[in-house]
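Atom set for the values below is all heavy atoms of this structure, side chains included, hydrogens, waters and symmetry mates excluded. Residue numbers start from 1 in every chain, and the chains themselves are labelled A, B, ... in the order their sequence lines are given, proteins ahead of strands.
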Amino acid sequence: MATEEEKKNDYKNTLNLPQTDLPMRANAAQKEPEIQKFWEENNIYEKNISQRSKGKSFILHDGPPYLSSDKIHIGTALNKILKDILVKYKSLSGYYSPYIPGYDAHGLPIENAVVKSIKGGRESLTPTQLREKCREFAAKNLKGQEENFKRLGVWGNWENPYLTIKPEFEAEQVRVFGEMYEKGYIYKGLKPVYWCADCETALAEAEVEYADHTSTSIFVKFKFLSEDEKKAYQKAKIEIQKPLYAVIWTTTPWTIPANLAISLNANLEYSFVENREEVYIIATELLKNFLSETKLENIKIIGKCQGSDLELLNTKHPLYNRNSTIILGDHVTTEAGTGCVHTAPGHGLEDYEVCMKYKIPVLSPLNNKGIFTSEAGEFEGLKYNDGNKAVIERLKEENALLGQNDISHSYPHCWRCKKPVIYRATPQWFVDVGAFRSEAMEAIKNVKWIPKSGEQRIGNMVESRSDWCISRQRAWGVPIPVFYCEDCGEAIVTSETIAKVADLFEKESSDAWTKYDVSEILGKDYECPHCKSRKLKKETDIMDVWFDSGITHRAVVDARKEELLGSPVDMYLEGSDQHRGWFQSSLLTSIAIKGIAPYKEVLTHGFVLDGEGRKMSKSLGNFVEPQKIINVYGADVLRLWAASVDYRNDVKIGDNIIKQLVEVFKKVRNTMRFLLGNIYDFDPQNDYVQYENLEEIDKFALHRLQVLIENVTQSFNDYEFYKYFQFLQNFAAVDLSSFYLDIVKDRLYTAGKKSISRKSAQTVLYETMLAILKMMAPVMPHQAEDIFSYVPKKQKLGLESILLADWCKGNEKWLNPQIDEKWTEILRVREVVTKAIEPLRADKKVGSSLEVSVHVSSTNNKITSYLKESEKDLAGIFITSQVFLNKPTPNEILNTLEEDGIKVEVAKAQGEKCERCWKYRILDKNSKHPTICEDCQKAISEN
RNA sequence: GGGCCAUUAGCUCAGGUGGUUAGAGCGCACGCCUGAUAAGCGUGAGGUCUCUGGUUCAAGUCCAGAAUGGCCCA
């Protein structure tokens, strides 16, 4: 005879409980690499690419990360993940969407890192050896970054990435230079750069260190020309005969010989100050400061005017027989000085910029050693720092000095010899942006910028930018492919020289530039086209790395037309800092040689901040390392993070945020596990229930699914992944977990295994599972693939990988507004019912809601009729044992709740607990199974 | 200092053309279930919508200014 316990187990065995081997825990950190191995070994990426027609394409062109490190940081991870989500989504949606990752590998940061790492410094290596080290350094970092990217689950042509140091890339770069030169867009000019007079070398921004330095500051007066003096007085509305001076202030007296202008701020107010027989112009705000510094007394303000009133008036240089013109610039501030800024375009970057606008030429009367040249007149032969004293002496003699003080301030020093550095104008190569600026502005208008503000941002920059200096005095880069004639001094760039250099680089890389001499490159008989001389030399400068990456539209997109279909591509997707960087350098070179923008759309994302919204910095020690997150939670959680935030603005990441995402990740997995477990025996071929035959709540579930599919699709199409995240999360938690699955559980478990009602629910579960797997795939590809591997073969649509599927379309006929309206109302009633039961639970009068029966009524006719229509299903929907509409519950009413015109009375359920389905029923003691209900008896007989 | 951007519950996000007690999911608290179980369900508490002015009968929503934070310049 069976014991009670055994009998219970017997009935339990007749239930259809979920079955699946999919583990509840993802164990992602360990599982993901296995999945990636599966993709790699089975060429899933390549298969996806080849199954899509090139007629429908979406090309995202990768911006090359810089190879300064072998580890990627969180910002790079965000960027690559966003790109990959998009590429995967487009691929699933049927687009031909290949992805060729790129790397930026020339430039100063790499060169500096290498120089620092070698004993003996730069001098211990030949340029060729140095370049070789740089190449190795870049290769090592590439390997590290590539591993990081692959570990994120990023798809792409990893076999053949593009690289700015590949010979074919460098060759194209030389050709682009040649084309731009031929169009007259490239010229040689002077520009101030940091210069160390002791090392006799140009320095980059990164090569100067700031340290305190004591300088002599001086106030110098520049006398107005008599004509212009009158005009100035007129502007200030004063009548006076005394001589008028603009007073400048500088901490580098030696640059006075190079002064060509005086800069004022157009919007500042300037005072005319009378000092005995002279009048000075000083910015009103700085007057106090000026007086205390110069110790002048008994002065008075006799007039005022705006900076803009004085534009283009001339003063006389106190030491030379030339003018110094008053010009206007935004760099003039009231922080120090007089508001009249000494402007020497050869010795200051701002000075240079503002003089460019006024077409004032550059004057830099210093040689490599920092010694004044003949252009400095009487100071010729003096070293610049000795020039300070000499200049001050002369100014005194000319009665042009108004004051002199020593000040200590932060000043740039050479990182090698630690001596102060200067700005010195040197010959540089430029791109004449002005020549095609309007074309570029026009092109900007025709690009779709997301977010929209990007258009203004880049527009402002292109509009106001000066010419692009593309030369660098360094070793690790593509040489500027120019020869010079040593006899006539002309620069030589012809289609012939460009072709020869390009072809050579294509074979041997740009290392060939230093390796061969001119005659080897151009041929023994090559002669200067200007003077027929055969004495030629090579340019020693290299190109700005922004020029490297700026021509990928040509060296990659056009050069690999078979794969990338040629420029312009559909999208560039980078951080918002690239408006100044890659978006602009790419735009300018593309406009210059092709007349079109290289992209149709530009999508930008913000920067990654810590959990408190602070910038990540060494001093705060608040860096979030992607590798750490991946090692603990897996790449999919990081990917989910990227998808969960509105990346158009800055985004935050921190422990708390990641923990929340892990919860969502688990929730989705568990929900999928439940779906999977309940359709283990479902064969779509035979068991699929046609829409018309589905139960109404199942139709409602499909309606909700269809709404989800459409919302999610729209979110991806708009690149608004965070909306996708919200939709998916809500659907999993609300529509499925707490509503549909909770209700349908009973049917799945207790109904006959092959009953139509169970199959009806299974059909919905099956459709839901497939749709969600597909919508997980772009964002959580590992998780989706992992789950998919546990899907029974019959349900897999013949797919080898979920990443080879077609995007979920659902079925338009699932949209059912009538059912939606009705069930939304029923859901409201359900809320009132659960709320009404709640107090009884708190009082321990009731545990499971199945111990309860309810009487429901409503003052709303619509609701009443909806309830009536579905009367027999209501108990299941409310997860109670009985629902009464017309008559009150037979047992004592334990609680009543009325809300929104819906009245619910709760009582104990009728009958006894059925041992099989746990619902309370009036049991037939005389039947074969006296402890289970009628429905269960029927179900058992069907099994 | 200039250009561009952001600021709604602890977190991630909603809140067309200004109009009743500002929403969702998660998290949290409390409880239930023990046939999704290192799961599942329910209920509840959380917001002076960054601030200050202004327009208006009425402002998270419009205007002006400010603060804080971010990117790019200087």
Side-chain angles (χ1 to χ4, degrees), chain A residues 8 11-13 15-20 22-25 265 267 329-335 349-350 353 451-461 463-465 575-581 584 604-609 611-615 640-641 643-646 648-652 654-664 666-667 669-678 720 722-723 725-734 737-739 741-743 745-746 748-750 831 833-844 846-851 879 916-918:
Chain A
K8 266 184 194 166
Y11 289 128
K12 183 168 176 174
N13 290 338
L15 293 170
N16 305 301
L17 295 179
Q19 292 180 22
T20 175
L22 178 70
M24 187 178 271
R25 303 193 58 192
N265 188 314
N267 302 318
D330 289 333
H331 64 291
V332 178
T333 65
T334 54
E335 269 167 39
L349 216 46
E350 289 172 325
E353 296 280 347
K452 221 165 170 11
S453 56
E455 176 170 345
Q456 241 200 324
R457 188 163 175 180
I458 193 168
N460 288 346
M461 286 174 186
E463 180 95 72
S464 63
R465 71 160 296 154
S576 59
D577 56 333
Q578 297 304 329
H579 286 106
R580 170 149 294 268
Q584 200 183 148
T604 55
H605 56 80
F607 276 65
V608 184
L609 310 174
E612 274 69 54
R614 308 221 162 252
K615 182 181 177 159
L640 190 58
W641 163 75
S644 74
V645 291
D646 184 357
R648 291 170 302 187
N649 301 317
D650 290 335
V651 298
K652 294 193 276 187
D655 289 343
N656 184 29
I657 292 170
I658 291 295
K659 263 184 209 154
Q660 308 263 10
L661 287 159
V662 171
E663 291 305 315
V664 177
K666 281 190 195 162
K667 178 79 184 185
R669 185 181 178 91
N670 267 317
T671 305
M672 293 305 283
R673 184 167 177 268
F674 183 78
L675 294 180
L676 216 54
N678 281 293
E720 290 172 329
Y722 61 95
K723 286 188 180 168
F725 174 80
Q726 304 279 343
F727 285 132
L728 185 65
Q729 193 191 182
N730 268 278
F731 185 79
V734 181
S737 200
S738 75
F739 173 64
L741 298 184
D742 206 30
I743 289 168
K745 241 192 277 199
D746 172 66
L748 289 164
Y749 296 172
T750 65
E831 267 180 60
V833 171
T834 48
K835 239 184 242 182
I837 299 171
E838 185 60 22
L840 301 181
R841 286 193 165 127
D843 292 349
K844 311 278 178 200
V846 165
S848 162
S849 58
L850 285 175
E851 294 166 28
I879 317 187
R916 184 165 175 275
C917 72
W918 294 350

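- In this structure, the nucleotide among B:rG70, B:rC32, B:rC72 sitting nearest to the side chain of A:Lys615 is B:rG70.
- A:Lys723 comes within 4.0 angstrom of no nucleic acid atom, judged by non-hydrogen atoms across all strands.
- Taking atom CZ of residue A:Arg457 and atom P of nucleotide B:rG2, one finds them 16 Å apart after rounding to whole Å.
- Between the side chain of A:Ser849 and the backbone N or O of A:Ile879, at least one donor-acceptor pair lies under 3.5 Å.
- Between A:Glu353 atom CD and B:rC73 atom P there is a gap of 12 Å when expressed in whole angstrom units.
- When Watson-Crick and G-U wobble pairs are counted only if both distances are under 3.5 Å, B:rA66 pairs with B:rU50.
- For A:Phe607, the side-chain atoms get nearest to B:rC71 when compared with the rest of B:rC71, B:rG35, B:rC4.
- The shortest distance between the side-chain N/O atoms of A:Ser576 and the OP1/OP2 oxygens of B:rG70 is not below 4.0 Å.
- In this structure, the side chain of A:Glu851 engages the main chain of A:Ser848 through a donor-acceptor pair within 3.5 Å.
- Within 3.5 Å, a donor on the side chain of A:Arg25 pairs with an acceptor on the base of B:rA38, or the reverse.
- A:Arg669 places a side-chain N or O within donor-acceptor distance of the main-chain N or O of A:Pro23, the cut-off being under 3.5 Å.
- Among the atoms of the strands shown, none is found under 4.0 Å from any heavy atom of A:Trp641.
- For A:Arg841, counting side-chain heavy atoms from C-beta on, the closest listed nucleotide (B:rG31, B:rU37, B:rG40) is B:rG31.
- The pairing partner recorded for B:rC33 is none, the criterion being a Watson-Crick or G-U wobble arrangement whose two distances lie under 3.5 angstrom.
- Taking the O4'-C1'-N9-C4 or O4'-C1'-N1-C2 dihedral as appropriate, B:rG46 has a value within 90° of 0 and is therefore syn.
- Regarding contacts with the backbone of B:rG42, a side-chain N or O of A:Ser738 is found under 4.0 angstrom from either OP1 or OP2.
- In terms of phosphate contacts, A:Ser849 brings no side-chain nitrogen or oxygen within less than 4.0 Å of OP1 or OP2 of B:rC32.
- Between A:Asp577 and A:Arg580, no side-chain nitrogen of the basic residue sits less than 4.0 Å from a carboxylate oxygen of the acidic one, so the salt-bridge criterion is not met.
- The shortest distance between the side-chain N/O atoms of A:Lys745 and the OP1/OP2 oxygens of B:rA36 is below 4.0 Å.
- In this model, the phosphate group of B:rG35 is not approached by any side-chain N or O of A:Tyr11 to a distance below 4.0 Å at OP1 or OP2.
- Using a 4.0 Å heavy-atom distance criterion, A:Arg669 is classed as making no nucleic acid contact.
- Judged purely by atom type and a 3.5 angstrom limit, A:Glu463 has no side-chain atom pairing as donor or acceptor with the backbone of A:Gly459.
- In this structure, a donor-acceptor pair under 3.5 Å is absent between the side chains of A:Tyr749 and A:Arg916.
- Within the nucleic acid shown, A:Ser464 has no heavy atom closer than 4.0 Å to any nucleic acid atom.
- In this structure, of B:rC26, B:rU34, B:rG31, it is B:rC26 that holds the atom nearest to the side chain of A:Ala733.
- Spacing between atom CE of A:Met672 and atom P of B:rA39 amounts to 18 Å, rounded to whole angstrom units.
- A side-chain donor-acceptor contact under 3.5 Å links A:Arg841 to the backbone of A:Gly847.
- At the heavy-atom level, A:Gly606 lies nowhere under 4.0 Å from the strands shown.
- The A:Leu17 side chain lies nearest to B:rG35 when the options are B:rG35, B:rG70, B:rU43.
- As a whole-Å value, the separation of A:Asp843 CG from B:rC30 C1' is 14 Å.
- The backbone N or O of A:Ser737 sits nowhere less than 3.5 Å from a side-chain atom of A:Asp742 that would complete a donor-acceptor pair.
- B:rG47 and B:rG31 have their C1' atoms separated by 26 Å, given to the nearest Å.
- Across B:rA45 and B:rA64, the matching C1' atoms stand 38 Å from one another, rounded to whole Å.
- Taking atom P on both nucleotides, B:rA29 is separated from B:rG35 by 25 Å, rounded to a whole Å.
- A 3.5 Å limit on both hydrogen-bonding distances identifies B:rG10 as the Watson-Crick or G-U partner of B:rC26.
- Nearer the 5' end of RNA chain B, as judged by each residue's closest nucleotide, is the contact made by A:Gly847, out of A:Arg580 and A:Gly847.
- Spacing of P atoms, B:rC30 relative to B:rU12, comes out at 25 Å, to the nearest Å.
- B:rU8 and B:rG1 have their P atoms separated by 26 Å, with the value rounded to a whole Å.
- One atom, CD1 of A:Ile837, and another, C1' of B:rC33, lie 13 Å apart when rounded to the nearest Å.
- Look at the C1' atom in both B:rA39 and B:rU34: the space between them is 10 Å, to the nearest Å.
- The residue A:Asn670 sits close to a base: some heavy atom pair falls under 4.0 Å.
- Ion pairing of A:Lys835 with A:Glu838 is absent here, as no side-chain N (NZ or NE/NH1/NH2) approaches a carboxylate O to less than 4.0 Å.
- Distance check on atom P: B:rC13 versus B:rC4 gives 24 Å, rounded to whole Å.
- Protein atom CG of A:Asp742 is 6 Å distant from nucleotide atom C1' of B:rC41, rounded to whole Å.
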Open item on the list: What does the B/S/- profile of nucleotides 5-12 of chain B look like, 5' to 3', with a 4.0 Å heavy-atom cutoff to protein?
Closed with: SS---BSB

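- Ionic pairing of A:Glu612 and A:Lys652 is not present here: no N-O contact between side-chain nitrogen and carboxylate oxygen is shorter than 4.0 angstrom.
- Pairing of B:rC71, defined by two Watson-Crick or G-U wobble distances under 3.5 Å, is identified with B:rG3.
- When rounded to the nearest whole Å, the span between CG of A:Leu850 and C1' of B:rG42 equals 14 Å.
- Nearest-nucleotide positions on RNA chain B for A:Lys666 and A:Val734 put A:Val734 closer to the 5' end.
- Residues satisfying the ring-ring contact (aromatic ring centres under 6.0 Å, His included) criterion with A:Phe739, sequence neighbours excluded, are A:Phe700.
- The separation of B:rG60 from B:rU17, taken at their C1' atoms, amounts to 16 Å, rounded to a whole angstrom.
- Proximity note for A:Arg614 (side chain, C-beta onward) versus B:rG69, B:rG70, B:rA36: the nearest is B:rG69.
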